Amino acid sequence: VDGDRRRFFADISHELRTPLTVIAMEAEIGRAAGGDTAAAFATIQSRAAGLNRRIDDLLRIARSDTGRLALEDTALDLAAAARSALEETGAILANAGLTVAVVPDGPLPCRGDPNWLRQVIATLIANAARHAKGGRLLALDGAADAGTVRLAVIDDGPGLPAEADVFDRFAQGAGPGRGQGFGIGLALARWVVEAHGGTLTLTSPVPTGRALGTNPGTMVDLSLPADPR
């Protein structure tokens, strides 16, 4: 299993490298040309550079003796990471017709790798936008208590069947979103969170009192140890 996982990370990293290089080069050309689109091309170039760093991380995991994720250990605010992830996924939410109803104002102090955790939250938001068909609202609900910080990503979509294993690497959600795939994104997100000493859990339907409407909805809870310092 460990060998299969390492080969998987190596294969997918190499597959991503070529199209990402093309994207970065085209973005650089567009940015250099100036004009009204220069800022947009600069954003694309920056995001491509970030993805390239993550690919390097995946390759290091695949080639390492331990197969473990190398993470930064720095003080950060999970609420600030959530706001950054929302900004990053703004176009995805707009295309899905989702309005953000709740945004954490923080602080939610913890320790970890800010880039990886931002990407985890962005993955949760993107998955909600992709699979919350018929939903209109999204909430990012933050809380801190008893040495733990939590961030819940909640949608008001149709929910998921009880048997859905969306954290399986190749799993796909059943129902209206089926065929678009959850697997790799959420599987990696859970792995990153657990490498931080946290947990990532999914609840559907959303419990009464946290639901955003009459639809069953889905809630993904990210829980991390609070910064003890």
Side-chain angles (χ1 to χ4, degrees), residues 5-64 69-72 74 76 80-100 103 112-133 138 140 153 155 166 169-173 177-193 195 220 222:
R5 177 177 54 77
R6 295 190 195 188
R7 283 190 295 273
F8 168 77
F9 278 128
D11 290 345
I12 196 171
S13 297
H14 285 297
E15 288 294 328
L16 290 172
R17 181 80 77 186
T18 299
L20 186 58
T21 299
V22 174
I23 291 170
M25 291 175 60
E26 293 293 335
E28 183 177 1
I29 293 170
R31 182 179 60 83
D36 295 338
T37 59
F41 279 119
T43 299
I44 294 170
Q45 189 177 23
S46 173
R47 298 294 186 234
L51 285 174
N52 202 44
R53 289 192 294 271
R54 297 289 75 83
I55 290 173
D56 287 339
D57 289 335
L58 292 177
L59 283 172
R60 281 195 294 271
I61 294 167
R63 294 167 179 165
S64 72
L69 187 64
L71 297 168
E72 290 184 27
T74 185
L76 63 98
R83 292 192 294 271
S84 179
L86 273 174
E87 181 180 349
E88 182 176 327
T89 55
I92 296 173
L93 291 172
N95 288 336
L98 285 176
T99 299
V100 181
V103 179
D113 190 308
N115 288 324
W116 271 111
L117 289 174
R118 187 199 75 250
Q119 286 200 155
V120 164
I121 299 169
T123 294
L124 301 183
I125 294 170
N127 271 285
R130 187 177 302 116
H131 298 282
K133 303 297 183 182
L138 183 81
L140 271 66
V153 179
D155 66 60
V166 300
R169 189 169 72 195
F170 300 112
Q172 292 187 332
R178 186 170 179 80
Q180 298 181 36
F182 286 98
I184 293 172
L186 287 184
L188 180 58
R190 185 185 224 180
W191 191 38
V192 170
V193 171
V220 182
L222 192 169

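Predicted model only: the values in this text are computed from it and were never measured. Side-chain atoms are counted along with the backbone in the values below, which use heavy atoms only and exclude waters and symmetry mates. If you read the sequence from its start, that first residue is 1, and numbering goes on from there.
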With the side chain counted from C-beta on, respond yes when Asp155 and Leu98 share a heavy-atom pair under 4.5 Å apart, and no when they do not. no

Residues forming a side chain to side chain contact (heavy atoms under 4.5 Å, CB included) with Ala82, sequence neighbours excluded: Pro104, Ile121, Leu140, Leu151

Applying side chain to side chain contact (heavy atoms under 4.5 Å, CB included), can you list everything that pairs with Ala80, at least two apart in sequence or on another chain? Asp77, Arg83

Roughly how far, to the nearest 0.5 Å, is CG of Leu20 from CG of Leu51? 5.5 Å

Any chance you could measure Leu188, atom CG, to Trp116, atom CH2, to the nearest 0.5 Å? 5.0 Å

Residues two or more places apart in sequence or in another chain: which of them pass side chain to side chain contact (heavy atoms under 4.5 Å, CB included) with Ile44? Ile23, Ala27, Phe41

Is the shortest heavy-atom distance from the side chain of Val192 to the side chain of Asp113 under 4.5 Å? no

Under the side chain to side chain contact (heavy atoms under 4.5 Å, CB included) test, which residues partner Thr21, sequence neighbours left out? Arg17, Met25

For residues 29-39, run the donor-acceptor check on the side chains, cut-off 3.5 Å, and write out each pair with its distance to 0.1 Å, sequence neighbours left out.
from, atom 1, to, atom 2, distance (Å)
Arg31, NE, Gln45, OE1, 2.6

Criterion side-chain contact (heavy atoms from CB on, under 4.5 Å) against Leu138, the qualifying member of Leu124, Val153, Thr99: Val153

Measure the spacing between CG of Leu117 and CG of Leu71 and express it to the nearest 0.5 Å. 8.0 Å

Without swapping roles, check the side chain of Ser46 against the backbone of Ala42 for a donor-acceptor pair under 3.5 Å. no

Where do Leu93 and Ala129 come nearest, in terms of heavy atoms and distance? CD2-CB, 4.1 Å

Counterpart residues, salt bridge (charged side-chain N to carboxylate O under 4.0 Å, His left out), relative to Arg118 (two or more places apart): Glu88

For Gly112 against Pro114, the heavy-atom pair lying closest together: O-CD, 3.3 Å

Donor-acceptor pair, Asn52 side chain versus Ala48 backbone, under 3.5 Å? no

Decide yes or no on side-chain contact (heavy atoms from CB on, under 4.5 Å) for Arg130 and Ile92, but give the supporting numbers first. CA-CA 8 Å; Arg130 187 177 302 116; Ile92 296 173; over 6 Å; no

